[in-house]
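The structure under discussion appears below in the form of C-alpha coordinates.
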Amino acid sequence: MSEVRVRFAPSPTGVLHLGGARTALFNWLFARHTGGKFLLRIEDTDQKRSTDESTNAILDALQWLGMKWDEEPIYQSARMEEYKASLSRLIDEGKVYKCYCTPEERQVMRDEAKSAGRTFIYDGRCDGKPDQPDKQFVWRFRISKDGETVVEDLVQGRVVTPNYEIEDLVIARSDGTPLYNFVVVIDDAAMGITHVVRGKDHLTNTPKQMAIYQGLGLPIPSFAHLPLILGLSKRLRSAGVESYRDQGYLPGAVNNYIARLGWSHGDQEIFSDTELADKFDLADVNRSEGALNVEKMEWINQQHIMATGREGLAAMVVPFLSTAGVEVALDDPRLPPACETVQLRSKTLVEMAAKVKFYFLEDDAIVYDEKAAKKFLTQESKVRIAGMATALEGSLDWTVQSIEDAVNGFCESSDIKLKHVAQPSRVALTGEATGPGLFEMMVVLGRASVLNRLRRACGDE
RNA sequence: GGCCCCGUCGUCUAGCGGUCUAGGACACCGGCCUUUCACGCCGGCGACACGGGUUCGAUUCCCGUCGGGGUCACCA
(Lines give C-alpha, C1' and ligand atoms only; values in the text may rest on other atoms or scores of the structure.)
Protein backbone atom coordinates (compact mmCIF):
# COMPACT_ATOMS: atom_id res chain seq x y z
CA MET A 1 0.00 0.00 0.00
CA SER A 2 1.25 3.46 -0.84
CA GLU A 3 2.19 6.08 1.71
CA VAL A 4 -0.59 7.88 3.54
CA ARG A 5 -0.84 11.57 2.66
CA VAL A 6 -3.27 13.79 4.52
CA ARG A 7 -3.79 17.52 4.66
CA PHE A 8 -5.24 20.28 6.75
CA ALA A 9 -6.85 22.93 4.54
CA PRO A 10 -7.90 26.04 6.44
CA SER A 11 -9.30 29.13 4.80
CA PRO A 12 -7.44 32.13 6.22
CA THR A 13 -10.42 34.15 7.30
CA GLY A 14 -9.86 34.21 11.05
CA VAL A 15 -8.11 32.52 13.92
CA LEU A 16 -7.59 28.79 14.39
CA HIS A 17 -10.26 27.77 16.85
CA LEU A 18 -10.34 24.48 18.75
CA GLY A 19 -12.48 22.76 16.14
CA GLY A 20 -10.01 23.54 13.41
CA ALA A 21 -7.14 22.57 15.66
CA ARG A 22 -8.77 19.22 16.27
CA THR A 23 -9.26 18.57 12.57
CA ALA A 24 -5.59 19.40 12.06
CA LEU A 25 -4.62 17.22 15.01
CA PHE A 26 -6.48 14.15 13.77
CA ASN A 27 -4.84 14.54 10.38
CA TRP A 28 -1.46 14.97 11.97
CA LEU A 29 -1.94 12.01 14.32
CA PHE A 30 -3.11 9.82 11.47
CA ALA A 31 -0.03 10.75 9.47
CA ARG A 32 2.30 10.13 12.41
CA HIS A 33 0.57 6.89 13.27
CA THR A 34 0.83 5.51 9.76
CA GLY A 35 4.22 6.94 8.95
CA GLY A 36 2.66 9.15 6.29
CA LYS A 37 2.85 12.81 5.41
CA PHE A 38 0.92 15.74 6.89
CA LEU A 39 0.44 18.61 4.45
CA LEU A 40 -1.03 22.08 4.55
CA ARG A 41 -3.12 23.87 1.99
CA ILE A 42 -4.26 27.45 2.39
CA GLU A 43 -7.67 27.88 0.80
CA ASP A 44 -7.50 31.51 -0.17
CA THR A 45 -9.46 31.57 -3.40
CA ASP A 46 -11.91 33.97 -1.83
CA GLN A 47 -9.71 37.07 -2.04
CA LYS A 48 -12.29 39.21 -0.32
CA ARG A 49 -12.20 37.27 2.93
CA SER A 50 -8.66 35.92 3.07
CA THR A 51 -5.82 37.72 4.80
CA ASP A 52 -2.09 37.07 5.25
CA GLU A 53 -2.48 37.98 8.88
CA SER A 54 -4.90 35.13 9.34
CA THR A 55 -2.64 32.71 7.47
CA ASN A 56 0.22 33.59 9.79
CA ALA A 57 -1.94 33.26 12.87
CA ILE A 58 -3.05 29.79 11.81
CA LEU A 59 0.48 28.67 10.98
CA ASP A 60 1.72 30.03 14.32
CA ALA A 61 -1.00 28.18 16.18
CA LEU A 62 -0.20 24.88 14.46
CA GLN A 63 3.45 25.38 15.22
CA TRP A 64 2.76 26.09 18.85
CA LEU A 65 0.72 22.91 19.08
CA GLY A 66 3.68 21.06 17.65
CA MET A 67 2.05 19.88 14.45
CA LYS A 68 4.88 20.08 11.96
CA TRP A 69 3.91 19.87 8.34
CA ASP A 70 6.04 17.77 6.04
CA GLU A 71 6.02 19.82 2.85
CA GLU A 72 5.74 23.47 1.95
CA PRO A 73 2.16 24.73 2.27
CA ILE A 74 0.19 25.02 -0.96
CA TYR A 75 -1.60 28.31 -1.62
CA GLN A 76 -4.64 28.04 -3.84
CA SER A 77 -4.29 31.63 -4.95
CA ALA A 78 -1.10 30.57 -6.72
CA ARG A 79 -2.74 27.74 -8.65
CA MET A 80 -5.26 29.54 -10.84
CA GLU A 81 -3.61 28.29 -14.02
CA GLU A 82 -4.10 24.71 -12.90
CA TYR A 83 -7.76 25.28 -12.26
CA LYS A 84 -8.21 26.96 -15.64
CA ALA A 85 -6.57 24.04 -17.36
CA SER A 86 -8.86 21.56 -15.66
CA LEU A 87 -11.87 23.65 -16.52
CA SER A 88 -11.00 23.82 -20.19
CA ARG A 89 -10.53 20.07 -20.22
CA LEU A 90 -14.03 19.63 -18.87
CA ILE A 91 -15.32 22.13 -21.45
CA ASP A 92 -13.59 20.24 -24.24
CA GLU A 93 -15.04 16.98 -23.02
CA GLY A 94 -18.52 18.48 -22.80
CA LYS A 95 -18.85 17.70 -19.11
CA VAL A 96 -19.84 21.21 -18.16
CA TYR A 97 -22.34 23.66 -19.55
CA LYS A 98 -23.08 27.35 -19.40
CA CYS A 99 -25.85 28.41 -17.06
CA TYR A 100 -27.45 31.77 -17.70
CA CYS A 101 -29.88 31.75 -14.81
CA THR A 102 -29.87 34.95 -12.81
CA PRO A 103 -29.78 35.07 -9.02
CA GLU A 104 -33.42 36.13 -9.10
CA GLU A 105 -34.42 33.15 -11.22
CA ARG A 106 -32.59 30.77 -8.92
CA GLN A 107 -34.25 32.33 -5.92
CA VAL A 108 -37.64 31.69 -7.48
CA MET A 109 -36.73 28.04 -8.08
CA ARG A 110 -35.57 27.71 -4.48
CA ASP A 111 -38.73 29.25 -3.11
CA GLU A 112 -40.86 26.95 -5.21
CA ALA A 113 -38.99 23.90 -4.01
CA LYS A 114 -39.24 24.99 -0.41
CA SER A 115 -42.96 25.66 -0.50
CA ALA A 116 -43.46 22.28 -2.13
CA GLY A 117 -41.41 20.66 0.65
CA ARG A 118 -38.75 19.37 -1.71
CA THR A 119 -34.99 19.57 -1.71
CA PHE A 120 -33.90 22.30 -4.07
CA ILE A 121 -31.96 20.84 -6.94
CA TYR A 122 -31.08 22.95 -9.93
CA ASP A 123 -33.04 21.38 -12.75
CA GLY A 124 -30.46 21.69 -15.50
CA ARG A 125 -32.69 23.90 -17.64
CA CYS A 126 -29.70 25.63 -19.22
CA ASP A 127 -28.06 22.36 -20.24
CA GLY A 128 -28.06 22.19 -24.03
CA LYS A 129 -29.18 25.76 -24.56
CA PRO A 130 -27.61 27.58 -27.48
CA ASP A 131 -24.91 30.14 -26.66
CA GLN A 132 -26.06 33.57 -25.67
CA PRO A 133 -22.91 35.63 -26.21
CA ASP A 134 -24.21 38.81 -24.65
CA LYS A 135 -25.30 37.22 -21.38
CA GLN A 136 -23.32 36.42 -18.22
CA PHE A 137 -22.96 32.76 -17.37
CA VAL A 138 -21.41 30.34 -14.88
CA TRP A 139 -20.04 26.88 -15.58
CA ARG A 140 -22.05 24.02 -14.19
CA PHE A 141 -20.76 20.48 -13.88
CA ARG A 142 -23.26 17.93 -15.14
CA ILE A 143 -24.08 15.07 -12.79
CA SER A 144 -25.95 11.98 -13.92
CA LYS A 145 -29.24 11.61 -12.09
CA ASP A 146 -29.24 7.81 -12.28
CA GLY A 147 -28.05 5.51 -9.54
CA GLU A 148 -26.54 6.49 -6.23
CA THR A 149 -23.26 7.63 -4.77
CA VAL A 150 -21.81 5.74 -1.84
CA VAL A 151 -19.30 7.22 0.57
CA GLU A 152 -17.59 4.54 2.64
CA ASP A 153 -16.66 6.99 5.33
CA LEU A 154 -13.97 5.86 7.76
CA VAL A 155 -15.80 7.54 10.64
CA GLN A 156 -19.40 7.96 9.54
CA GLY A 157 -19.78 4.58 7.97
CA ARG A 158 -21.62 3.97 4.73
CA VAL A 159 -23.48 7.08 3.55
CA VAL A 160 -25.65 6.65 0.46
CA THR A 161 -26.95 9.54 -1.61
CA PRO A 162 -29.33 9.04 -4.55
CA ASN A 163 -27.83 10.84 -7.53
CA TYR A 164 -31.03 12.72 -8.24
CA GLU A 165 -30.32 14.62 -5.02
CA ILE A 166 -26.97 15.85 -6.28
CA GLU A 167 -27.31 18.98 -8.34
CA ASP A 168 -25.27 20.20 -11.27
CA LEU A 169 -23.01 22.38 -9.23
CA VAL A 170 -21.42 25.65 -10.28
CA ILE A 171 -17.67 25.17 -10.52
CA ALA A 172 -16.68 28.58 -11.90
CA ARG A 173 -18.04 32.08 -11.33
CA SER A 174 -19.07 34.48 -14.07
CA ASP A 175 -15.64 36.09 -13.82
CA GLY A 176 -14.09 32.70 -14.49
CA THR A 177 -12.68 32.10 -10.98
CA PRO A 178 -13.11 28.55 -9.76
CA LEU A 179 -15.21 27.53 -6.76
CA TYR A 180 -14.46 25.46 -3.68
CA ASN A 181 -15.81 22.05 -4.64
CA PHE A 182 -13.86 22.16 -7.87
CA VAL A 183 -10.48 23.32 -6.59
CA VAL A 184 -10.54 20.98 -3.62
CA VAL A 185 -10.70 18.00 -5.93
CA ILE A 186 -7.96 19.28 -8.21
CA ASP A 187 -5.69 20.09 -5.29
CA ASP A 188 -6.26 16.94 -3.29
CA ALA A 189 -5.47 14.94 -6.40
CA ALA A 190 -2.43 17.07 -7.25
CA MET A 191 -1.11 16.77 -3.69
CA GLY A 192 -1.58 13.02 -3.79
CA ILE A 193 -3.94 13.05 -0.82
CA THR A 194 -4.93 9.49 0.09
CA HIS A 195 -7.27 10.28 2.99
CA VAL A 196 -9.46 13.34 3.24
CA VAL A 197 -9.99 13.88 6.96
CA ARG A 198 -12.16 16.92 7.63
CA GLY A 199 -15.13 18.25 9.55
CA LYS A 200 -18.52 16.64 9.16
CA ASP A 201 -19.86 19.86 7.72
CA HIS A 202 -18.24 18.70 4.48
CA LEU A 203 -20.08 15.42 4.34
CA THR A 204 -22.73 16.68 1.93
CA ASN A 205 -20.04 18.06 -0.38
CA THR A 206 -18.50 14.65 -0.75
CA PRO A 207 -20.84 13.13 -3.36
CA LYS A 208 -20.42 16.23 -5.52
CA GLN A 209 -16.68 16.03 -5.22
CA MET A 210 -16.68 12.35 -6.04
CA ALA A 211 -18.51 13.14 -9.26
CA ILE A 212 -15.86 15.69 -10.15
CA TYR A 213 -13.07 13.22 -9.43
CA GLN A 214 -14.72 10.91 -11.93
CA GLY A 215 -15.27 13.67 -14.46
CA LEU A 216 -11.61 14.56 -14.28
CA GLY A 217 -10.57 10.92 -14.39
CA LEU A 218 -8.87 11.15 -11.00
CA PRO A 219 -8.62 8.47 -8.30
CA ILE A 220 -11.02 9.02 -5.40
CA PRO A 221 -9.36 9.16 -1.97
CA SER A 222 -10.75 7.72 1.25
CA PHE A 223 -12.88 10.02 3.38
CA ALA A 224 -13.25 10.49 7.11
CA HIS A 225 -15.68 13.09 8.42
CA LEU A 226 -15.10 14.17 12.00
CA PRO A 227 -17.97 15.21 14.28
CA LEU A 228 -17.98 18.90 15.09
CA ILE A 229 -17.30 20.36 18.52
CA LEU A 230 -20.26 21.82 20.32
CA GLY A 231 -19.56 24.95 22.32
CA LEU A 232 -21.07 25.38 25.73
CA SER A 233 -20.88 29.03 24.89
CA LYS A 234 -20.22 30.85 21.66
CA ARG A 235 -17.25 32.52 23.28
CA LEU A 236 -15.70 29.19 24.19
CA ARG A 237 -16.24 27.77 20.75
CA SER A 238 -14.84 30.68 18.81
CA ALA A 239 -11.77 31.41 20.92
CA GLY A 240 -8.51 31.01 19.02
CA VAL A 241 -5.83 28.55 20.04
CA GLU A 242 -3.57 31.43 21.02
CA SER A 243 -6.03 32.46 23.71
CA TYR A 244 -5.49 29.09 25.36
CA ARG A 245 -1.77 29.64 25.11
CA ASP A 246 -2.21 33.01 26.82
CA GLN A 247 -4.35 31.46 29.52
CA GLY A 248 -1.42 29.24 30.41
CA TYR A 249 -2.28 25.95 28.77
CA LEU A 250 0.52 23.68 27.57
CA PRO A 251 0.30 22.70 23.90
CA GLY A 252 0.43 19.01 24.80
CA ALA A 253 -2.52 19.47 27.15
CA VAL A 254 -4.58 21.19 24.49
CA ASN A 255 -3.83 18.36 22.10
CA ASN A 256 -4.66 15.80 24.77
CA TYR A 257 -7.97 17.45 25.52
CA ILE A 258 -9.22 17.96 21.98
CA ALA A 259 -8.11 14.48 21.02
CA ARG A 260 -10.12 12.95 23.86
CA LEU A 261 -13.14 14.91 22.72
CA GLY A 262 -14.65 12.31 20.43
CA TRP A 263 -11.86 9.80 20.59
CA SER A 264 -10.83 7.42 23.32
CA HIS A 265 -8.45 4.63 24.09
CA GLY A 266 -9.97 2.53 26.85
CA ASP A 267 -9.98 4.36 30.16
CA GLN A 268 -6.83 6.34 29.55
CA GLU A 269 -7.16 10.09 30.00
CA ILE A 270 -3.66 11.49 29.88
CA PHE A 271 -1.61 11.18 26.70
CA SER A 272 1.59 12.77 25.50
CA ASP A 273 1.76 13.72 21.82
CA THR A 274 3.77 10.64 20.98
CA GLU A 275 1.40 8.41 22.89
CA LEU A 276 -1.46 9.97 20.99
CA ALA A 277 0.23 9.32 17.67
CA ASP A 278 1.00 5.81 18.78
CA LYS A 279 -2.55 4.94 19.77
CA PHE A 280 -4.67 7.08 17.48
CA ASP A 281 -6.90 5.33 14.98
CA LEU A 282 -9.71 6.77 12.88
CA ALA A 283 -11.75 3.69 13.70
CA ASP A 284 -11.91 4.82 17.34
CA VAL A 285 -13.34 8.24 16.54
CA ASN A 286 -16.95 8.68 17.68
CA ARG A 287 -19.72 9.85 15.41
CA SER A 288 -21.42 12.02 17.99
CA GLU A 289 -20.28 15.54 18.64
CA GLY A 290 -18.86 16.57 21.99
CA ALA A 291 -19.06 19.71 24.09
CA LEU A 292 -16.20 21.72 25.52
CA ASN A 293 -15.68 21.47 29.27
CA VAL A 294 -13.30 23.95 30.82
CA GLU A 295 -12.92 22.12 34.15
CA LYS A 296 -11.75 18.97 32.46
CA MET A 297 -9.40 20.86 30.19
CA GLU A 298 -7.90 22.53 33.26
CA TRP A 299 -7.48 19.21 35.00
CA ILE A 300 -5.72 17.77 31.98
CA ASN A 301 -3.50 20.82 31.85
CA GLN A 302 -2.65 20.32 35.50
CA GLN A 303 -1.74 16.71 34.83
CA HIS A 304 0.58 17.83 32.05
CA ILE A 305 2.15 20.45 34.31
CA MET A 306 2.74 17.74 36.92
CA ALA A 307 4.44 15.61 34.29
CA THR A 308 6.75 18.38 33.12
CA GLY A 309 10.28 18.76 34.49
CA ARG A 310 11.07 21.82 36.63
CA GLU A 311 13.51 23.20 34.07
CA GLY A 312 10.84 23.09 31.39
CA LEU A 313 8.32 24.77 33.66
CA ALA A 314 10.84 27.45 34.55
CA ALA A 315 11.31 28.34 30.91
CA MET A 316 7.58 28.40 30.25
CA VAL A 317 6.58 30.44 33.27
CA VAL A 318 8.91 33.41 32.67
CA PRO A 319 6.67 35.22 30.15
CA PHE A 320 3.71 34.74 32.46
CA LEU A 321 5.69 36.24 35.34
CA SER A 322 6.42 39.14 33.09
CA THR A 323 2.75 39.77 32.39
CA ALA A 324 2.19 39.47 36.14
CA GLY A 325 4.60 42.37 36.52
CA VAL A 326 7.74 40.53 37.64
CA GLU A 327 10.77 40.32 35.39
CA VAL A 328 12.85 37.24 36.10
CA ALA A 329 15.94 36.20 34.17
CA LEU A 330 15.56 32.94 32.28
CA ASP A 331 18.67 31.58 34.02
CA ASP A 332 17.71 32.66 37.52
CA PRO A 333 18.74 29.63 39.61
CA ARG A 334 15.71 30.02 41.90
CA LEU A 335 13.32 29.53 39.03
CA PRO A 336 13.31 25.71 38.63
CA PRO A 337 13.08 24.91 42.35
CA ALA A 338 10.48 27.63 42.81
CA CYS A 339 8.35 26.07 40.08
CA GLU A 340 8.79 22.68 41.64
CA THR A 341 7.24 23.89 44.90
CA VAL A 342 4.01 24.89 43.14
CA GLN A 343 3.93 22.21 40.47
CA LEU A 344 1.19 20.22 42.22
CA ARG A 345 -0.84 23.34 42.85
CA SER A 346 -1.12 24.96 39.42
CA LYS A 347 -3.77 24.27 36.84
CA THR A 348 -2.31 26.76 34.38
CA LEU A 349 0.93 28.64 33.86
CA VAL A 350 -0.92 31.83 34.77
CA GLU A 351 -1.67 30.28 38.14
CA MET A 352 1.88 29.07 38.46
CA ALA A 353 3.24 32.53 37.82
CA ALA A 354 0.92 33.98 40.43
CA LYS A 355 2.05 31.36 42.94
CA VAL A 356 5.81 31.75 42.44
CA LYS A 357 5.71 35.50 42.18
CA PHE A 358 6.48 36.10 45.85
CA TYR A 359 9.88 34.42 45.58
CA PHE A 360 11.11 37.12 43.26
CA LEU A 361 9.81 40.22 44.97
CA GLU A 362 11.98 42.40 47.19
CA ASP A 363 11.69 41.37 50.82
CA ASP A 364 9.98 44.59 51.78
CA ALA A 365 7.60 44.44 48.84
CA ILE A 366 5.54 41.58 50.22
CA VAL A 367 1.97 42.74 50.67
CA TYR A 368 0.03 40.90 53.34
CA ASP A 369 -3.41 39.67 52.47
CA GLU A 370 -5.70 41.55 54.79
CA LYS A 371 -7.63 38.59 56.11
CA ALA A 372 -4.55 36.43 56.43
CA ALA A 373 -2.66 39.09 58.33
CA LYS A 374 -5.52 39.68 60.68
CA LYS A 375 -5.88 36.03 61.45
CA PHE A 376 -2.24 34.97 61.67
CA LEU A 377 -0.04 37.99 62.31
CA THR A 378 -1.21 38.50 65.86
CA GLN A 379 0.91 39.90 68.66
CA GLU A 380 1.32 36.42 70.03
CA SER A 381 2.44 34.88 66.77
CA LYS A 382 4.81 37.74 66.05
CA VAL A 383 6.72 36.84 69.19
CA ARG A 384 6.86 33.23 68.04
CA ILE A 385 8.03 34.19 64.57
CA ALA A 386 10.76 36.32 66.04
CA GLY A 387 11.89 33.39 68.12
CA MET A 388 11.84 31.11 65.16
CA ALA A 389 13.91 33.57 63.16
CA THR A 390 16.55 33.47 65.82
CA ALA A 391 16.48 29.67 65.79
CA LEU A 392 17.11 29.75 62.06
CA GLU A 393 20.02 32.11 62.38
CA GLY A 394 22.67 29.68 63.51
CA SER A 395 25.10 27.81 61.37
CA LEU A 396 22.72 25.07 60.22
CA ASP A 397 22.73 23.77 56.66
CA TRP A 398 20.01 25.43 54.66
CA THR A 399 18.17 22.28 53.65
CA VAL A 400 14.60 21.09 54.09
CA GLN A 401 15.69 18.62 56.74
CA SER A 402 17.82 20.93 58.82
CA ILE A 403 15.28 23.73 58.67
CA GLU A 404 12.55 21.35 59.70
CA ASP A 405 14.68 20.09 62.59
CA ALA A 406 15.47 23.62 63.70
CA VAL A 407 11.83 24.72 63.57
CA ASN A 408 10.64 21.60 65.38
CA GLY A 409 13.31 22.12 67.98
CA PHE A 410 12.17 25.68 68.47
CA CYS A 411 8.56 24.54 68.84
CA GLU A 412 9.48 21.96 71.45
CA SER A 413 11.53 24.33 73.51
CA SER A 414 8.77 26.96 73.34
CA ASP A 415 6.16 24.34 74.09
CA ILE A 416 4.06 25.12 71.03
CA LYS A 417 2.86 23.11 68.06
CA LEU A 418 4.17 23.54 64.56
CA LYS A 419 0.82 24.83 63.39
CA HIS A 420 1.15 27.78 65.75
CA VAL A 421 4.07 29.06 63.82
CA ALA A 422 3.60 27.60 60.34
CA GLN A 423 0.75 29.74 59.12
CA PRO A 424 2.03 32.98 60.59
CA SER A 425 5.41 32.50 58.99
CA ARG A 426 3.79 31.55 55.70
CA VAL A 427 2.01 34.88 55.72
CA ALA A 428 5.24 36.61 56.62
CA LEU A 429 7.11 35.00 53.75
CA THR A 430 4.49 35.06 51.01
CA GLY A 431 1.78 37.45 52.12
CA GLU A 432 -0.79 34.70 51.67
CA ALA A 433 -2.39 32.08 53.89
CA THR A 434 -1.88 29.36 51.30
CA GLY A 435 1.18 28.29 49.43
CA PRO A 436 3.96 25.74 49.08
CA GLY A 437 5.27 23.64 51.92
CA LEU A 438 6.99 25.86 54.46
CA PHE A 439 10.42 24.24 54.50
CA GLU A 440 10.71 23.72 50.76
CA MET A 441 9.78 27.33 50.26
CA MET A 442 12.37 28.52 52.76
CA VAL A 443 15.11 26.62 50.99
CA VAL A 444 14.29 28.31 47.70
CA LEU A 445 13.93 31.71 49.26
CA GLY A 446 17.32 31.55 50.96
CA ARG A 447 18.22 32.29 54.54
CA ALA A 448 18.72 36.02 54.13
CA SER A 449 15.30 36.59 52.61
CA VAL A 450 13.61 34.33 55.09
CA LEU A 451 15.06 36.18 58.06
CA ASN A 452 14.32 39.56 56.49
CA ARG A 453 10.72 38.72 55.80
CA LEU A 454 10.15 37.05 59.15
CA ARG A 455 11.49 40.07 61.04
CA ARG A 456 9.71 42.53 58.85
CA ALA A 457 6.43 40.84 59.72
CA CYS A 458 7.22 41.22 63.44
CA GLY A 459 7.64 44.96 63.18
CA ASP A 460 4.74 47.20 64.03
CA GLU A 461 3.69 48.89 60.85
C1' G B 1 -39.05 22.55 5.49
C1' G B 2 -36.07 18.54 2.16
C1' C B 3 -31.80 15.46 2.73
C1' C B 4 -27.88 13.44 5.96
C1' C B 5 -25.63 12.26 10.80
C1' C B 6 -26.07 11.57 16.00
C1' G B 7 -28.68 10.29 21.05
C1' U B 8 -25.14 5.87 27.91
C1' C B 9 -24.36 9.80 34.54
C1' G B 10 -24.41 17.59 34.32
C1' U B 11 -19.83 16.93 30.76
C1' C B 12 -16.05 13.52 28.05
C1' U B 13 -16.55 8.41 27.47
C1' A B 14 -16.21 2.31 28.06
C1' G B 15 -19.75 -1.04 26.17
C1' C B 16 -19.46 -3.89 19.83
C1' G B 17 -26.82 -9.85 22.33
C1' G B 18 -26.01 -12.78 27.97
C1' U B 19 -19.71 -11.07 31.72
C1' C B 20 -24.33 -4.64 33.11
C1' U B 21 -27.64 -4.82 40.11
C1' A B 22 -23.85 -0.49 33.17
C1' G B 23 -17.13 0.58 34.09
C1' G B 24 -13.58 4.98 33.98
C1' A B 25 -12.55 10.48 33.96
C1' C B 26 -13.93 15.80 35.08
C1' A B 27 -17.24 18.37 38.32
C1' C B 28 -19.94 17.88 42.99
C1' C B 29 -20.52 15.81 48.26
C1' G B 30 -18.31 13.13 52.45
C1' G B 31 -13.74 11.00 54.81
C1' C B 32 -8.35 10.00 55.30
C1' C B 33 -3.42 12.23 54.88
C1' U B 34 -1.63 17.11 56.61
C1' U B 35 2.00 23.33 58.69
C1' U B 36 -1.99 26.00 54.68
C1' C B 37 -3.44 25.08 49.74
C1' A B 38 -2.80 21.37 46.59
C1' C B 39 -1.37 16.29 45.31
C1' G B 40 -2.70 11.36 46.64
C1' C B 41 -6.03 7.66 48.67
C1' C B 42 -11.05 5.82 50.19
C1' G B 43 -16.33 6.33 49.72
C1' G B 44 -20.96 8.72 47.82
C1' C B 45 -24.30 11.07 44.25
C1' G B 46 -25.36 10.19 39.19
C1' A B 47 -27.06 7.62 32.76
C1' C B 48 -28.70 3.36 28.73
C1' A B 49 -34.31 9.80 25.47
C1' C B 50 -39.35 7.40 24.69
C1' G B 51 -42.54 3.68 22.31
C1' G B 52 -42.92 -0.54 19.44
C1' G B 53 -40.76 -4.82 17.43
C1' U B 54 -36.67 -9.09 16.52
C1' U B 55 -34.74 -12.69 20.11
C1' C B 56 -34.75 -17.60 25.11
C1' G B 57 -32.40 -12.80 26.26
C1' A B 58 -31.56 -6.27 24.57
C1' U B 59 -27.62 -0.49 26.45
C1' U B 60 -26.17 -3.38 22.27
C1' C B 61 -30.11 -5.25 16.04
C1' C B 62 -34.73 -2.99 13.22
C1' C B 63 -38.82 0.73 12.89
C1' G B 64 -41.28 5.01 14.69
C1' U B 65 -41.52 9.39 17.94
C1' C B 66 -38.97 13.05 20.33
C1' G B 67 -34.41 15.72 20.97
C1' G B 68 -29.56 17.61 19.10
C1' G B 69 -26.25 18.73 15.01
C1' G B 70 -24.96 19.39 9.86
C1' U B 71 -26.29 20.86 4.97
C1' C B 72 -29.22 22.94 1.16
C1' A B 73 -24.33 29.82 -2.33
C1' C B 74 -21.42 32.64 -8.46
C1' C B 75 -18.36 31.07 0.79
C1' A B 76 -14.82 27.77 2.15
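Proteins get letters first, then strands, A, B, ... in listed order; numbering begins at 1 in each. Keep in mind the model is a prediction, meaning the values are calculated, not measured.
With P as the reference atom, B/G67 and B/G43 are 41 Å apart, rounded to whole Å. B/C26 and B/C66 have their C1' atoms separated by 29 Å, given to the nearest Å. Across B/C20 and B/C16, the matching C1' atoms stand 14 Å from one another, rounded to whole Å. Nucleotides B/C74 and B/G70 are separated by 23 Å at their C1' atoms, to the nearest Å. Here, B/C48 and B/U35 have their C1' atoms 47 Å apart, quoted to the whole Å. Nucleotides B/C75 and B/U13, compared at atom C1', are 35 Å apart to the nearest Å. Comparing B/C61 with B/G24, their C1' atoms are spaced 26 Å from each other, to the whole Å. Between B/U59 and B/U19, the two C1' atoms lie 14 Å apart (nearest whole Å).
Under the Watson-Crick and G-U wobble criteria, each requiring two contacts below 3.5 Å, nucleotide B/G40 is paired to B/C32. Nucleotide B/C16: unpaired (no Watson-Crick or G-U wobble partner with both distances less than 3.5 Å). Nucleotide B/G1 is matched to B/C72 when pairs are restricted to Watson-Crick or G-U wobble geometry with both distances under 3.5 angstrom. Of all nucleotides present, only B/C66 satisfies the Watson-Crick or G-U wobble test against B/G7, with each distance under 3.5 Å.
Spacing between atom CD of A/Glu43 and atom C1' of B/C75 amounts to 11 Å, rounded to whole angstrom units. Whole-Å rounding puts the A/Met388 CE to B/U35 C1' distance at 11 Å. Atom-to-atom, CZ of A/Arg41 to C1' of B/A76 comes out at 11 Å; the value is rounded to the nearest Å. In this structure, A/Tyr100 atom OH and B/C74 atom P are separated by 17 Å, rounded to whole Å. Whole-Å rounding puts the A/Phe223 CZ to B/C5 P distance at 17 Å. Atom CZ in A/Phe271 sits about 11 Å away from atom C1' in B/U13, given to the nearest Å. With rounding to whole Å, A/Leu292 atom CG is found 11 Å from B/U13 atom P. Regarding A/Asp168, its CG atom lies at a distance of 13 Å from the P atom of B/C74, rounded to whole Å.
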* Which letter, B, S or -, goes with each nucleotide of nucleotides 63-73 of chain B from 5' to 3', with contact meaning a protein heavy atom under 4.0 Å? -> ------SSSSS

* Quick one: what's the B/S/- string for nucleotides 19-32 of chain B, heavy-atom cutoff under 4.0 Å, read 5' to 3'? -> ----BBBSS-----

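Nucleic acid contact class of A/Thr45 (heavy atoms, under 4.0 Å, all strands): sugar-phosphate only. As judged by a 4.0 angstrom heavy-atom cut-off over every strand, A/Arg426 is placed among the base-contacting residues. The residue A/Gly117 sits close only to the backbone: its heavy atoms come under 4.0 Å of sugar-phosphate atoms, none of a base. As judged by a 4.0 angstrom heavy-atom cut-off over every strand, A/Gly437 is placed among the base-contacting residues. Here A/Pro227 lies out of heavy-atom contact (under 4.0 Å) with every strand. A/Phe439 comes within 4.0 angstrom of a base, heavy atoms only. When heavy atoms are screened at a 4.0 angstrom cut-off, A/Ser264 is found touching the sugar-phosphate backbone but no base atom.
Salt-bridge formation is detected for the pair A/Glu269/A/Lys296: a Lys NZ or Arg NE/NH1/NH2 atom is positioned less than 4.0 Å from an Asp or Glu carboxylate oxygen. A salt bridge does not link A/Asp175 with A/Arg173: none of the charged nitrogens is closer than 4.0 Å to a carboxylate oxygen. Remark: A/Asp168 engages A/Lys145 in a salt bridge, criterion side-chain N to carboxylate O under 4.0 Å. Checked for salt-bridge contact, A/Arg41 and A/Asp188 meet the test: a charged N lies under 4.0 Å from a carboxylate O. A salt bridge is defined here as a Lys NZ or Arg NE, NH1 or NH2 lying under 4.0 Å from an Asp or Glu carboxylate O, and A/Lys374 with A/Glu370 fails to meet this definition.
The base of B/C37 is paired with the side chain of A/Arg345 by a donor and an acceptor separated by under 3.5 Å. Judged by distance alone, with hydrogens and angles left aside, A/Arg49 brings a side-chain donor or acceptor within reach of the base of B/C75, the pair sitting under 3.5 Å.
Ring planes of A/Trp139 and A/Phe137: perpendicular class, angle over 60° (limits at 30 and 60°). Using cut-offs of 30° and 60° for the angle between ring planes, the A/Tyr213 and A/Phe223 rings count as perpendicular. Relative ring orientation between A/Phe271 and A/His265 is described as perpendicular, the plane-to-plane angle rising above 60° on a 0-90° scale split at 30° and 60°.
When ring centroids are compared, A/Tyr180 and A/His202 come within the 6.0 Å threshold.
Of all non-hydrogen atoms in A/Asn301 and A/Gly248, the two that sit nearest each other are ND2-O, 3.1 Å.
Of the candidates B/U35, B/C37, B/C3, the closest approach to any side-chain atom of A/Thr434 belongs to B/C37.
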* Could you check A/Phe280 against A/Phe26 for ring-ring contact (aromatic ring centres under 6.0 Å, His included), going step by step and ending with a plain yes or no? => CA-CA 8 Å; A/Phe280 180 78; A/Phe26 283 7; 5.0 Å; yes

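For A/Leu418 and A/Ser346, each mapped to the nucleotide of RNA chain B holding its nearest heavy atom, the one lying further toward the 5' end belongs to A/Leu418. Nearest-nucleotide assignment on RNA chain B puts the 5′-proximal partner with A/Gln156, out of A/Gln156 and A/Asp46.
A distance of 12.0 Å separates CG of A/Leu16 from OG1 of A/Thr55, quoted to the nearest 0.5 Å.
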